[in-house]
There are 2 protein chains.
Amino acid sequence: MPQEPARRRPRPGSRHPTRVRLSDGHLANVYSAACPSRQALDRLADKWTVLIVGTLERGPLRFGQLRDAIDGISEKMLTQTLRSLERDGLVARRDHGTMPPQVDYRLTEIGTTLAAPVAAIRAWAEHYIVDIEAARSAHDQNQP
Amino acid sequence: MPQEPARRRPRPGSRHPTRVRLSDGHLANVYSAACPSRQALDRLADKWTVLIVGTLERGPLRFGQLRDAIDGISEKMLTQTLRSLERDGLVARRDHGTMPPQVDYRLTEIGTTLAAPVAAIRAWAEHYIVDIEAARSAHDQNQP
DNA sequence: CAGAATCCTGTGAGATACTG
DNA sequence: CAGTATCTCACAGGATTCTG
């Protein structure tokens, strides 16, 4: 059971109030973090989503193939991320019901539309990583 | 001081070994998480980077303007993310040295090139959030 | 105003073991 | 093979206070 936030001195006039309590008791952000684009961005801004979508771009893959293709992902995170991608209608899961189990995953129609912007990001990453690393080491030279 | 990982029974033959100890004592991934595109992707895959870059797209902004424009960001995370963006050469910081302090941030040339793919992602998000939410609630209907 | 320093918490995510 | 179920820790990130 989560403890009470334990604010030391609940004084008014906090300088940066990002949340307010609504009449129904829920907490909500003051401005608009509920903005649709923010919702979708948060969906993409985890460590594995973009990599899974990028890997499925070329066609359906089985669980083990995904695991082997995506360097460093744990089975747990692969399962979790696939589940939430399925929930959001970006990936479709097909269980053949055989024994031993055989399951494959493919992008849905919407998932496919995501592949394009994701590819753009990946292309940018591949092109500019050199400059980024250069800037990084130059910066670290001055402030070690 | 970080404790020893405390592996209960260090038995060999773990099923999914993602890391190996190199001759110099460092840990490294077996395959290729060090791939350049992965490096850059990890750079972008945090909660705030994309939002900051997107906000600076239209021109330089001061610290407080960024804080107010990006819904829900804390001053701590704004500072942190700006620092690392600066380190990577994507954002330039200009301190006017006045009193009270006046600092503004703008995209560098490389940062500007990132704005395009980021805008593509944002456009995708704005367009497809409806379908995502539909899929989500449809899915939750079946498995509540 | 723009932050630095500090404290605290929830979550991300790995390791391991078990199952149909 | 394709998962669950636990346990655990590290760290992202929020709240608060202080300062030049």
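Below, read A as the first sequence line, B as the second, and so on, with proteins coming before strands; counting in each chain starts at 1.
Nucleotides of DNA chain D nearest to A:Lys76 and A:Leu82 differ in position, and the one nearer the 5' end is that of A:Leu82.
The backbone N or O of A:Ala134 lies less than 3.5 Å from a partner atom in the side chain of A:Ser137, making a donor-acceptor pair. Distance alone, capped at 3.5 Å, places no donor-acceptor pair between the A:Thr49 side chain and the A:Asp46 backbone. Under a 3.5 Å cut-off, the side chain of A:Asp95 and the backbone N or O of A:Gly97 do form a donor-acceptor pair.
Proximity of A:Arg83 to the phosphate of D:dG3: a side-chain N or O atom is located under 4.0 Å from OP1 or OP2.
One end of the helix from C:dC1-D:dG20 to C:dG20-D:dC1 points its axis 50° away from the other end's axis, with each axis taken from 5 pairs and the angle rounded to 10°.
Rounded to a whole Å, the CD1 atom of B:Ile73 is 13 Å from the P atom of D:dA15. Here the P atom of nucleotide D:dT17 and the CD atom of B:Glu75 are 13 Å apart, to the nearest Å. The nearest whole Å value for the distance from the CE atom in A:Met77 to the C1' atom in D:dT4 is 15 Å. When rounded to the nearest whole Å, the span between CG of A:Leu78 and C1' of C:dA13 equals 13 Å. One atom, CD of B:Gln80, and another, P of C:dG3, lie 13 Å apart when rounded to the nearest Å. In this structure, CZ of B:Arg43 is placed 12 Å from P of D:dA12, rounded to the nearest angstrom. Whole-Å rounding puts the B:Phe63 CZ to C:dA2 P distance at 7 Å. Note: CG (B:Asp42) to C1' (D:dC11) measures 15 Å, nearest angstrom.
Within residues 93-106 of chain A, the residues approached by DNA chain C to less than 4.0 Å at the level of any non-hydrogen atom are A:Met99, A:Pro101, in residue-number order. Listed by residue number, A:Lys47, A:Trp48 are the residues of residues 47-61 of chain A with a heavy-atom contact under 4.0 Å to DNA chain C.
Scored by the side-chain hydrogen bond (donor to acceptor under 3.5 Å, both in side chains) test, B:Ser84 finds B:Arg43 as partners (sequence neighbours excluded). Residues meeting the side-chain contact (heavy atoms from CB on, under 4.5 Å) test with B:Lys47, sequence neighbours left out: A:Asp42. Contacts of A:Arg83 classified as salt bridge (Lys or Arg N to Asp or Glu O under 4.0 Å), with partners at least two apart in sequence or in another chain: none. Residues that satisfy the side-chain hydrogen bond (donor to acceptor under 3.5 Å, both in side chains) test with B:Arg87, not counting sequence neighbours, are A:Asp140. Here A:Thr108 pairs with A:Ala92, A:Ile110 under the side-chain contact (heavy atoms from CB on, under 4.5 Å) rule; sequence neighbours left out.
Here the straight-line distance linking atom CG of B:Asp68 with atom OG1 of B:Thr55 works out to 11.5 Å at 0.5 Å rounding.
Residue pairs meeting the salt bridge (Lys or Arg N to Asp or Glu O under 4.0 Å) criterion with at least one partner in residues 96-112 of chain A, sequence neighbours excluded, are A:Arg94-A:Asp104. Applying the ring-ring contact (aromatic ring centres under 6.0 Å, His included) test to pairs two or more places apart or on separate chains, none has a residue in residues 53-110 of chain A.
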Which side-chain N or O atoms in residues 116-131 of chain B pair as donor and acceptor under 3.5 Å with protein atoms at least two apart or in another chain?
| from | atom 1 | to | atom 2 | distance (Å) |
| --- | --- | --- | --- | --- |
| B:Arg122 | NH2 | B:Glu57 | OE1 | 3.3 |
| B:Trp124 | NE1 | A:Thr113 | OG1 | 2.9 |

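Of the candidate nucleotides C:dA2, D:dG3, D:dG14, C:dA2 has the atom lying nearest to any side-chain atom of B:Arg62. Listed nucleotides: D:dG3, D:dA15, C:dA15. Nearest to the side chain of A:Thr79: D:dG3.
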